[in-house]
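Shown next, in structure tokens, is the structure this report addresses.
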Amino acid sequence: MRQKIVAGNWKMNNTLDEGLKLTSEIVNMVSDEVNTDVKVILAPPFVYLTQVKGLIKDADKISLSAQNCNDNESGAYTGEVAASMLASIGTEYVILGHSERREYFEETNEQLAKKIDLALKNNLKPIFCCGESLEVRENGLFKEFVSNQIEESLFHLGEDELKKVVIAYEPIWAIGTGKTASTEQAQEMHASIRELLAERYGAEIAEEISILYGGSCKPGNAPELFACKDVDGGLIGGASLKSRDFVDIIKSF
Ligand code: PGA
């Protein structure tokens with residue numbers, strides 16, 4: 001059975017007080033209301049990781065993720081955070097290649113391959129984001145585009161390394177826009193990603209990889225998205241900032 005996952009990406013939102021209040025609410029609601037085998041991941045900004053970790057330490061369903069790491073081991077990179085630092089404070093996951101990082105910080109597939117390697121070397125599990133723009137969706141080459149992102153950033157990995165990666169398919173045209181991919185569009189892309197993994201790593205390994213959907217996922221559309229055969233959960237932005245919405249999404253399985 002593939003791990004079902006709901007991850008909340010806070011992006012650059014919340015003060016410390018707001019973030020800790022949100023975390024406490026999620027911890028309580030998950031403990032009271034969620035009895036399915038789902039992994040919940042919280043990805044606050046770097047500065048709150050340690051404090052959020054303190055609040056979730058006894059919540060066995062909830063894990064901690066960072067939103068990024070640098071593609072160098074250490075050194076003179078003012079303002080940056082290394083994978084080893086994240087591991088040293090007990091972070092378990094790291095989101096890599098989010099479309100906002102690709103767009104605003106010009107992250108390339110090649111650079112992401114280096115980040116993936118550093119994350120794995122430091123025992124962090126990468127949540128690798130991929131997804132096409134509206135332009136690529138409309139020109140029809142979206143499967144090729146996403147395949148290329150995955151091939152260039154992940155296909156150098158060995159089997160045991162790949163098994164530690166979570167993939168998040170996030171069509172850029174659906175992120176923060178209120179536009180969600182239809183269940184058909186989501187399932188089609190998720191199946192295509194799994195097929196690609198199967199061609200490279202074999203069907204057995206492809207079956208084990210969790211592939212999350214992201215992009216305007218909400219309590220209203222999560223049940224139908226999560227019911228798709230190849231959708232193993234969600235990477236949630238806006239709706240992860242409200243405890244009630246986020247926990248309702250978790251309960252969609
Ligand atoms: P959204 O963001 O849920 O606000 O669309 C998703 C994401 O960027 O991961």
Side-chain angles (χ1 to χ4, degrees), residues 4-14 18-19 22 26 38-46 48-49 52 62-69 91-107 112 115-116 119 124-134 136-137 142 145-146 149-150 153 165-183 185-186 189-190 193 210-226 228 231-253:
K4 295 185 191 317
I5 298 174
V6 176
N9 173 13
W10 297 2
K11 309 190 179 181
M12 198 172 73
N13 291 297
N14 286 331
E18 288 163 351
L22 175 64
I26 292 169
V38 51
K39 161 93 24 218
V40 177
I41 300 175
L42 300 182
F46 289 133
Y48 311 145
L49 283 168
V52 170
I62 309 183
S63 296
L64 188 68
S65 176
Q67 298 176 14
N68 180 34
C69 69
T91 313
E92 284 176 65
Y93 292 83
V94 58
I95 297 172
L96 294 175
H98 190 281
S99 62
E100 288 149 17
R101 301 239 25 120
R102 293 176 186 265
E103 184 180 349
Y104 307 138
F105 303 94
E106 294 173 5
E107 292 189 359
L112 288 168
K115 293 190 182 202
I116 293 276
L124 295 171
K125 294 175 209 148
I127 301 172
F128 176 75
C129 302
C130 54
E132 80 287 357
S133 64
L134 186 60
V136 173
R137 168 64 54 172
F142 48 93
F145 183 87
V146 168
Q149 288 181 320
I150 292 174
S153 297
V165 177
V166 174
I167 293 178
Y169 167 60
E170 301 202 299
I172 300 171
W173 45 273
I175 295 178
T177 57
K179 253 191 188 177
T180 320
S182 66
T183 49
Q185 287 172 321
M189 184 61 94
H190 282 232
I193 292 171
S210 297
I211 308 177
L212 314 184
Y213 169 80
S216 299
C217 191
K218 296 183 195 68
N221 57 29
E224 58 179 21
L225 285 162
F226 294 1
C228 296
V231 177
D232 305 307
L235 178 54
I236 320 298
S240 76
L241 301 174
K242 292 190 188 121
S243 52
R244 183 70 272 160
D245 284 357
F246 187 58
V247 174
D248 282 346
I249 292 173
I250 297 166
K251 288 161 73 181
S252 299
F253 283 113

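Only heavy atoms go into these numbers, but all of them, side chains included; no hydrogens, no water, no symmetry mates. All ligand and atom numbering here is 1-based and tracks the order in the structure. All figures in this text were calculated on a predicted structure; none of them were measured in a lab.
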Open item on the list: Regarding ligand 1, does Ile175 bring an N or O atom to under 3.5 Å of one of the ligand's N or O atoms?
Closed with: no
Task: Per-atom contacts of ligand 1 with Ala174, taking only distances under 4.0 Å to non-hydrogen atoms - done: 5 (O)
TODO: Give, for atom CD of Glu170 and atom CD1 of Ile175, the distance between the pair rounded to the nearest 0.5 Å.
DONE: 4.0 Å
Open item on the list: Below a 4.0 angstrom heavy-atom separation, can you tell me which part of Ala239, side chain or backbone, both or neither, approaches ligand 1?
Closed with: neither
Open item on the list: I'd like to check which ligand 1 atoms, numbered from 1 as shown, lie under 4.0 Å from a non-hydrogen atom of Gly238.
Closed with: 1 (P), 3 (O), 4 (O)
Task: Where ligand 1 meets Glu170 - atom numbers and elements under 4.0 angstrom, heavy-atom basis - done: 6 (C), 7 (C), 8 (O), 9 (O)
Open item on the list: Geometry only, no angles: is Gly237 polar-contacting ligand 1 at N/O separations under 3.5 Å?
Closed with: yes
- [ ] Decide side-chain contact (heavy atoms from CB on, under 4.5 Å) for Trp173 and Glu132; before the verdict, give the C-alpha distance in whole Å, the side-chain angles of both, and the deciding distance to 0.1 Å.
- [x] CA-CA 8 Å; Trp173 45 273; Glu132 80 287 357; 2.9 Å; yes
TODO: Any atoms of ligand 1 less than 4.0 Å from a non-hydrogen atom of Ser216? List them with their elements.
DONE: 1 (P), 3 (O), 5 (O)
TODO: Kindly compute the distance separating CD (Glu100) from CG (Asn68), expressed to the nearest 0.5 Å.
DONE: 11.5 Å
Open item on the list: Need the ligand 1 atom indices (1-based, order shown) with element for anything under 4.0 Å from a heavy-atom of His98.
Closed with: 7 (C), 8 (O), 9 (O)
Task: Check: Trp10 and Gln67 side chains under 4.5 Å, non-hydrogen atoms - done: yes
- [ ] Decide whether an N or O pair under 3.5 Å exists between Thr177 and ligand 1.
- [x] no
- [ ] Tell me, yes or no, whether the heavy-atom count around Lys11 atom NZ, taken from other residues, nucleotides or ligands under 6.0 Å, exceeds 12.
- [x] yes
Open item on the list: Would you call the rings of His190 and Tyr169 parallel, tilted or perpendicular, taking 30° and 60° as the class edges?
Closed with: perpendicular
Task: Lys125 (side chain) donor-acceptor with Glu92 (main chain) under 3.5 angstrom - done: no
